[in-house]
K.L.:
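Quick one: the structure is below, and I'll ask about it shortly.
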Amino acid sequence: MTETTPQTASQAAEAEADGPRDFIRDIIKGDLASGKVSGIVTRFPPEPNGYLHIGHAKSICLNFGVAGEFGGQCNLRFDDTNPAKEEQEFIDAIMEDVRWLGFDWGDNLFHASDYFDTLYGYACHLIENGLAYVDDLNGEEIREYRGTLTEPGRNSPHRDRTPAENLDLFQRMKAGEFNDGERVLRAKIDMAHGNMNMRDPVIYRIVNKPHPRTGDAWKIYPTYDFAHGQSDALEKVTHSLCTLEFEDHRPLYDWLVEHLPVPARPRQYEFSRLNLGYTVLSKRRLTQLVTEGHVSGWDDPRMPTLTGLRRRGIPPETIREFISRLGVTKQDSVVEFSLFEHCVREHLNKAAERRMAVLRPLKVVIENFPEGEVDNLDAIDNPEDPDGGSHTVPFTREIYIEQDDFMEDAPKKFFRLSLGREVRLRYAFFITCTDVIKDDAGNIIELRATYDPETRGGDAPDGRKVKGTLHWVSASHAVKAQVRLYDHLFQEESPGAGGRDYLEDLNPGSLEVIEDAMLEPSLAGWPTGKTLQFERLGYFCADRDGTADTPVFNRTMTLRDSWAKAQKKG
RNA sequence: UGGGGUAUGGUGUAACGGUAGCACGCCGGACUCUGACUCCGUCAGUCUUGGUUCAAAUCCAGGUACCCCAGCCA
């Protein structure tokens with residue numbers, strides 16, 4: 001995205017003809033067609049005070065997407081104007097996550113802090129023109145003077161200082177003569193404005209904290225409102241896309257751009273942020289989940305952070321696909337989690353290799369299979385991709401099947417194993433259960449069965465059919481593993497709805513750890529970051545916590561399970 | 001009598017004065033060496049009241065509901 005040549009308006013409109021459509025893209029098309037702009041520049045402007053989450057992905061996909069579609073450029077710009085909250089750790093993580101999502105800012109990496117000198121000059125410009133003043137009021141007083149939503153504010157007693165006096169004070173703020181909070185610089189607009197943002201907003205404040213990039217160079221920092229629009233202008237951003245809550249900052253954004261000698265005239269457009277069922281997407285809450293230890297960290301696989309989703313095994317293209325299905329509007333909305341699940345399954349069904357793993361093992365002894373013999377069977381890697389290859393699974397006299405796949409008093413609709421019933425072992429043989437062995441407490445501890453050697457590979461030469469197919473693992477070859485089963489972090493679709501503390505809605509069953517899962521041997525050394533399917537169970541990925549001895553797998557997502565659904569209904 | 005926004009099936013969206021469409025979900029069925037996948041079918045919507053028009057989700061007027069704003073956060 002570095003050396004992009006701006007296309008002509010008609011070229012861009014044409015190239016875009018069958019792409020996504022929304023009101024933002026319509027505006028851009030119009031601006032290109034009318035000649036209002038000759039090319040598109042957008043930006044993704046994260047504040048480095050937390051990790052990126054799937055809500056940010058919407059903004060990233062929009063900003064980079066639009067730039068790509070119209071032959072423009074999208075900058076990555078850190079909004080690093082508040083050293084009290086921002087850290088290098090977050091800066092590094094954000095870049096990694098944007099790249100992982102699949103976007104490239106090329107050389108266009110910027111920071112609001114790159115413009116601190118220019119911004120300072122702009123502030124002086126405002127002062128010189130009588131449009132800004134240094135206020136001695138403290139925070140509490142400023143709030144009182146601001147008035148309320150329904151009552152106008154009052155002018156600060158310091159509002160009418162001369163430009164010379166203001167310039168002097170502002171320079172002394174910069175020089176570090178005052179403590180945090182002692183003085184601020186305010187734009188002089190209208191204390192009676194219906195829009196609170198226009199009631200002489202603070203544009204510079206004193207923060208005696210080192211900045212991750214500028215170190216101790218500055219004692220004063222611009223506020224978001226003063227930095228953002230001007231940074232956009234300096235970068236020649238044409239369309240500054242942000243979320244709805246900034247809508248009533250737009251008059252201020254415009255006011256500043258109009259009163260400052262900036263090199264360009266950017267426009268701000270707002271769209272609604274993403275809300276997702278069964279999760280929270282506010283930085284405040286996500287930070288709280290991490291700092292209070294409700295999750296293991298920003299990359300806990302239950303977190304909606306990009307790093308959490310990555311560790312969970314969610315491929316980035318599924319996030320992009322999900323976002324693209326959402327559309328871009330100004331309507332507040334909560335997207336059902338099932339749409340996200342659909343996108344993940346749709347992709348993984350095509351892309352993920354299949355392997356077998358037994359989560360809750362039940363031993364089955366095949367009585368007519370010779371002891372000590374190994375039959376190496378061929379299992380296709382992915383039935384959705386028949387040319388994709390295959391791997392070998394060893395079959396022996398003793399195997400494990402899933403406890404759920406056997407039932408003593410099985411109803412007719414139960415297609416799995418039961419005493420006297422015949423099922424297929426995936427890629428292997430038909431077996432028939434001949435005996436059930438229990439311990440003193442009556443728990444089923446082992447099954448006895450016979451197999452039909454004629455059904456090797458999974459088909460009976462006599463054409464006889466079985467209703468059920470089970471996954472299985474050879475007991476002597478099995479690789480023991482820890483498997484982590486994740487569910488929604490919250491048990492309510494809207495955590496905290498109805499005035500509840502959202503933490504009360506935390507799902508106590510969001511993580512279930514299985515210590516003794518049995519994996520087919522080809523799963524030893526499975527690479528992290530390559531999501532696969534455990535047949536009939538779901539999609540999984542190797543976690544970095546695994547060792548050569550005991551791998552650890554995270555469940556990315558279950559398969560749809562109409563049997564479980566039918567059972568629940570009774 | 002503060003300001004700014006938004007209203008289309010359960011959910012997310014499309015339709016830009018001319019047959020309300022798509023996707024997810026739900027429900028039912030077919031198929032199946034994954035009770036997966038795939039396929040087929042069903043249900044279901046223009047916030048409300050008026051007005052303009054041959055014709056309104058769309059234009060106009062009045063209601064109603066919901067969201068955002070009183071950080072020296074972004």
Side-chain angles (χ1 to χ4, degrees), chain A residues 21-22 26 45-47 49 79 81-82 84-86 135 137-139 142-144 146-153 180-186 192-199 201-207 220-221 223-225 227-228 242-251 270 272 277 283-284 325-343 345-346 349-350 354 356 379-380 383-384 413-416 423-428 430 455 457-459 465-471 493 533-538 558-567:
Chain A
R21 282 204 58 179
D22 51 63
D26 284 346
E47 184 193 12
N49 68 342
D79 234 322
T81 56
N82 186 1
K85 294 189 171 184
E86 296 150 8
D135 199 349
L137 259 29
N138 64 35
I142 288 181
R143 182 166 12 100
E144 284 166 16
R146 189 153 33 221
T148 69
L149 293 177
T150 53
E151 295 162 322
D180 286 19
E182 256 180 60
R183 282 186 169 76
V184 293
L185 184 70
R186 296 228 251 169
H193 203 110
N195 182 337
M196 301 293 274
N197 295 121
M198 299 297 269
R199 318 241 264 229
V202 171
I203 57 177
Y204 260 94
R205 73 298 210 185
I206 299 167
V207 182
I220 55 172
Y221 293 91
T223 57
Y224 163 84
D225 283 310
H228 203 97
C242 63
T243 44
L244 250 29
E245 64 270 28
F246 292 100
E247 207 150 18
D248 47 18
H249 288 245
R250 179 155 31 96
E270 310 86 13
S272 55
K283 228 184 259 184
R284 198 210 110 230
R325 291 197 188 208
L326 262 27
V328 182
T329 69
K330 301 188 73 153
Q331 284 151 246
D332 284 314
S333 61
V334 182
V335 177
E336 289 184 342
F337 197 82
S338 60
L339 179 62
F340 181 60
E341 291 180 318
H342 170 81
C343 293
R345 288 180 180 135
E346 182 181 52
N349 176 53
K350 290 282 177 222
R354 269 65 164 173
M356 292 194 286
I380 192 162
E384 298 287 324
K413 289 280 199 177
F414 185 81
F415 301 148
R416 282 109 100 142
V423 297
R424 170 170 39 235
L425 295 176
R426 184 96 161 131
Y427 301 121
F430 287 10
T455 57
D459 287 302
K465 299 284 182 195
V466 288
K467 250 322 208 180
T469 300
L470 311 186
H471 59 277
E493 184 167 23
Q533 183 190 114
F534 287 173
E535 294 228 26
R536 299 210 306 139
L537 294 175
T558 60
L559 256 24
R560 285 180 62 186
D561 189 348
S562 57
W563 168 242
K565 191 188 273 186
Q567 278 182 310

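Proteins come first, then strands; the chains are lettered A, B, ... in the order of their sequence lines, and each starts at number 1.
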K.L.:
May I ask you to say whether A:Arg21 pairs ionically with A:Asp26, meaning some side-chain N is under 4.0 Å from a carboxylate O?
P.N.:
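The answer is yes: the pair qualifies as a salt bridge.
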K.L.:
May I ask you to evaluate whether A:Arg186 reaches the phosphate of B:rG71, defined as a side-chain N or O under 4.0 Å from OP1 or OP2?
P.N.:
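For A:Arg186, the contact criterion (side-chain N or O under 4.0 Å from OP1 or OP2 of B:rG71) is not met.
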K.L.:
Taking only side-chain nitrogens and oxygens of A:Arg536, does any of them come within less than 4.0 Å of OP1 or OP2 of B:rG35?
P.N.:
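Answer is yes, contact under 4.0 Å.
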K.L.:
Looking at A:Arg205, I'd like to know whether one of its side-chain N or O atoms comes within less than 4.0 Å of OP1 or OP2 on B:rA74.
P.N.:
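Result: yes.
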K.L.:
Could you give the distance separating B:rA15 and B:rU58 at their P atoms, to the nearest angstrom?
P.N.:
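Approximately 15 Å lies between the P atom of B:rU58 and that of B:rA15.
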K.L.:
Just N and O in the side chain of A:Lys330: are any of them under 4.0 Å from OP1 or OP2 of B:rA7?
P.N.:
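So the side-chain polar atoms of A:Lys330 never come under 4.0 Å of the phosphate oxygens OP1 or OP2 of B:rA7.
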K.L.:
Minimum heavy-atom separation for A:Pro383 to A:Arg426, with atom names?
P.N.:
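Between these two residues, the closest heavy atoms are CG-NH2, 3.9 Å.
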K.L.:
Would you say A:Lys283 places a side-chain N or O within less than 4.0 Å of OP1 or OP2 belonging to B:rC73?
P.N.:
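So the side-chain polar atoms of A:Lys283 never come under 4.0 Å of the phosphate oxygens OP1 or OP2 of B:rC73.
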K.L.:
Can you name the residues that form a ring-ring contact (aromatic ring centres under 6.0 Å, His included) with A:His228, not counting sequence neighbours?
P.N.:
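Partners of A:His228 by the ring-ring contact (aromatic ring centres under 6.0 Å, His included) criterion, ordered by chain and then number, come out as A:Tyr224.
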K.L.:
Which residues satisfy the ring-ring contact (aromatic ring centres under 6.0 Å, His included) test with A:Phe340, sequence neighbours excluded?
P.N.:
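A:Phe340: ring-ring contact (aromatic ring centres under 6.0 Å, His included) contacts with A:Phe322, A:Phe337.
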K.L.:
Scan A:Pro383 against the nucleic acid and name what it touches under 4.0 Å (heavy atoms): base, sugar-phosphate only, or nothing.
P.N.:
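If one applies the 4.0 Å heavy-atom cut-off, A:Pro383 turns out to touch a base.
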K.L.:
Is a salt bridge present between A:Arg354 and A:Glu535, judged by a nitrogen-to-oxygen distance below 4.0 Å?
P.N.:
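The answer is no: the pair does not qualify as a salt bridge.
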K.L.:
Sticking with atom C1', work out how far B:rG12 lies from B:rU6, rounded to a whole angstrom.
P.N.:
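Each nucleotide's C1' atom is 15 Å from the other's.
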K.L.:
What integer number of Å spans the C1' atoms of B:rC26 and B:rA65?
P.N.:
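The same atom, C1', in both gives a distance of 27 Å.
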K.L.:
On the nucleotide B:rU34, are OP1 or OP2 found under 4.0 Å from the side-chain N or O atoms that A:His471 carries?
P.N.:
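Checking A:His471 against B:rU34: no side-chain N or O falls below 4.0 Å of OP1 or OP2.
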K.L.:
Output one line per pair: protein atom, nucleotide atom from nucleotides 9-16 of chain B, and distance, for all N/O pairs under 3.5 Å.
P.N.:
residue, atom, partner, partner atom, Å
B:rG10, N2, A:Glu336, OE1, 2.9
B:rU11, O4', A:Glu336, OE2, 3.1
B:rU11, O3', A:Val334, O, 3.3
B:rU11, O2', A:Val334, O, 3.3
B:rG12, OP1, A:Val334, N, 3.2
B:rG12, O2', A:Leu326, O, 3.0
B:rU13, OP1, A:Thr329, OG1, 3.0
B:rU13, O5', A:Leu326, O, 3.4
B:rC16, N4, A:Arg21, NH2, 3.0
B:rC16, N4, A:Asp26, OD2, 3.3

K.L.:
Would you say A:Arg345 reaches B:rC24's phosphate, i.e. side-chain N/O to OP1/OP2 under 4.0 Å?
P.N.:
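It does not, given that no N or O in the side chain of A:Arg345 lies less than 4.0 Å from OP1 or OP2 of B:rC24.
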K.L.:
Between B:rA70 and A:Arg199, is there an OP1 or OP2 to side-chain N/O distance shorter than 4.0 Å?
P.N.:
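For A:Arg199, the contact criterion (side-chain N or O under 4.0 Å from OP1 or OP2 of B:rA70) is not met.
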K.L.:
In terms of side-chain geometry, is the basic nitrogen of A:Arg205 or A:Glu182 positioned less than 4.0 Å from the acidic oxygen of its partner?
P.N.:
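Here A:Arg205 does not pair with A:Glu182 in a salt bridge, since their nearest N and O are not under 4.0 Å apart.
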K.L.:
Taking OP1 and OP2 of B:rU32, is either one under 4.0 Å from a side-chain nitrogen or oxygen of A:Thr469?
P.N.:
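For B:rU32, neither OP1 nor OP2 has a side-chain N or O of A:Thr469 closer than 4.0 Å.
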K.L.:
Provide the distance between the two P atoms, one in B:rU49 and one in B:rC16, to the nearest whole Å.
P.N.:
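These two P atoms come out 24 Å apart once rounded.
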K.L.:
With sequence neighbours excluded, what pairs up with A:His249 under the ring-ring contact (aromatic ring centres under 6.0 Å, His included) test?
P.N.:
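A:His249: ring-ring contact (aromatic ring centres under 6.0 Å, His included) contacts with A:Phe246.
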K.L.:
Is it the case that the base of B:rG71 and the side chain of A:Arg143 share a donor-acceptor contact (distance under 3.5 Å, atom types as modelled)?
P.N.:
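Looking at the base of B:rG71, it does not pair with any donor or acceptor on the side chain of A:Arg143 (distance under 3.5 Å).
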K.L.:
Can you check whether any acceptor in the base of B:rG3 is under 3.5 Å from a donor in the side chain of A:Asp248, or vice versa?
P.N.:
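Counting by modelled atom types and ignoring angles, a donor-acceptor contact under 3.5 Å is found here.
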K.L.:
Between A:Arg560 and A:Glu341, does any side-chain N to carboxylate O distance fall below 4.0 Å?
P.N.:
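A salt bridge is absent here (no side-chain N lies under 4.0 Å from a carboxylate O).
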K.L.:
Roughly how many Å apart are B:rA14 and B:rC27, using the C1' atom of each and rounding to a whole number?
P.N.:
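Those two atoms are separated by 25 Å.
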K.L.:
Between the base of B:rA74 and the ring of A:Tyr224 - centre-to-centre under 5.5 Å, planes within under 30° - is that a stack?
P.N.:
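Stack criterion not met.
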K.L.:
Grab the CG-P distance between A:Asn197 and B:rG3 for me, whole Å please.
P.N.:
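One finds 15 Å between P of B:rG3 and CG of A:Asn197, rounded.
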K.L.:
When you measure from the side chain of A:Phe415, which nucleotide among B:rA74, B:rG35, B:rG4 comes out closest?
P.N.:
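Of the candidates, B:rG35 comes closest.
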K.L.:
State which residues pass ring-ring contact (aromatic ring centres under 6.0 Å, His included) with A:Tyr221; sequence neighbours excluded, sorted by chain then number.
P.N.:
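Checked A:Tyr221 against ring-ring contact (aromatic ring centres under 6.0 Å, His included); matches are A:Phe116, A:His211.
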K.L.:
Dot-bracket for RNA chain B, 5' to 3', counting Watson-Crick or G-U wobble pairs under 3.5 Å, with [ ] for crossing pairs and | for inter-strand pairs?
P.N.:
.((((((..((((....[..))))..((((.......)))).....(((((..]....))))))))))).....
K.L.:
Would B:rG28 be called syn or anti here, given the cut-off of 90° from 0?
P.N.:
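Because its glycosidic torsion lies more than 90° from 0, B:rG28 adopts the anti conformation.
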K.L.:
Quick one: A:His249 NE2 to B:rG5 P, roughly how many Å, whole number?
P.N.:
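So the NE2-P distance, A:His249 to B:rG5, works out to 14 Å.
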K.L.:
Within the side chain of A:Glu346, is there an N or O that forms a donor-acceptor pair under 3.5 Å with the backbone of A:His342?
P.N.:
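It does not hold such a pair.
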K.L.:
Rounding to an integer number of angstrom, what distance separates B:rU13 and B:rG29 when you compare their P atoms?
P.N.:
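Between the two P atoms, the distance is 33 Å.
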K.L.:
For nucleotides B:rG21 and B:rG28, find the distance between their C1' atoms and express it as a whole number of Å.
P.N.:
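The same atom, C1', in both gives a distance of 23 Å.
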K.L.:
Report yes or no: is the ring centroid of A:Phe246 under 5.5 Å from the six-membered base ring centroid of B:rA74, with the two planes under 30 degrees?
P.N.:
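Whether judged by distance or by angle, A:Phe246 falls short somewhere, so it does not stack on the base of B:rA74.
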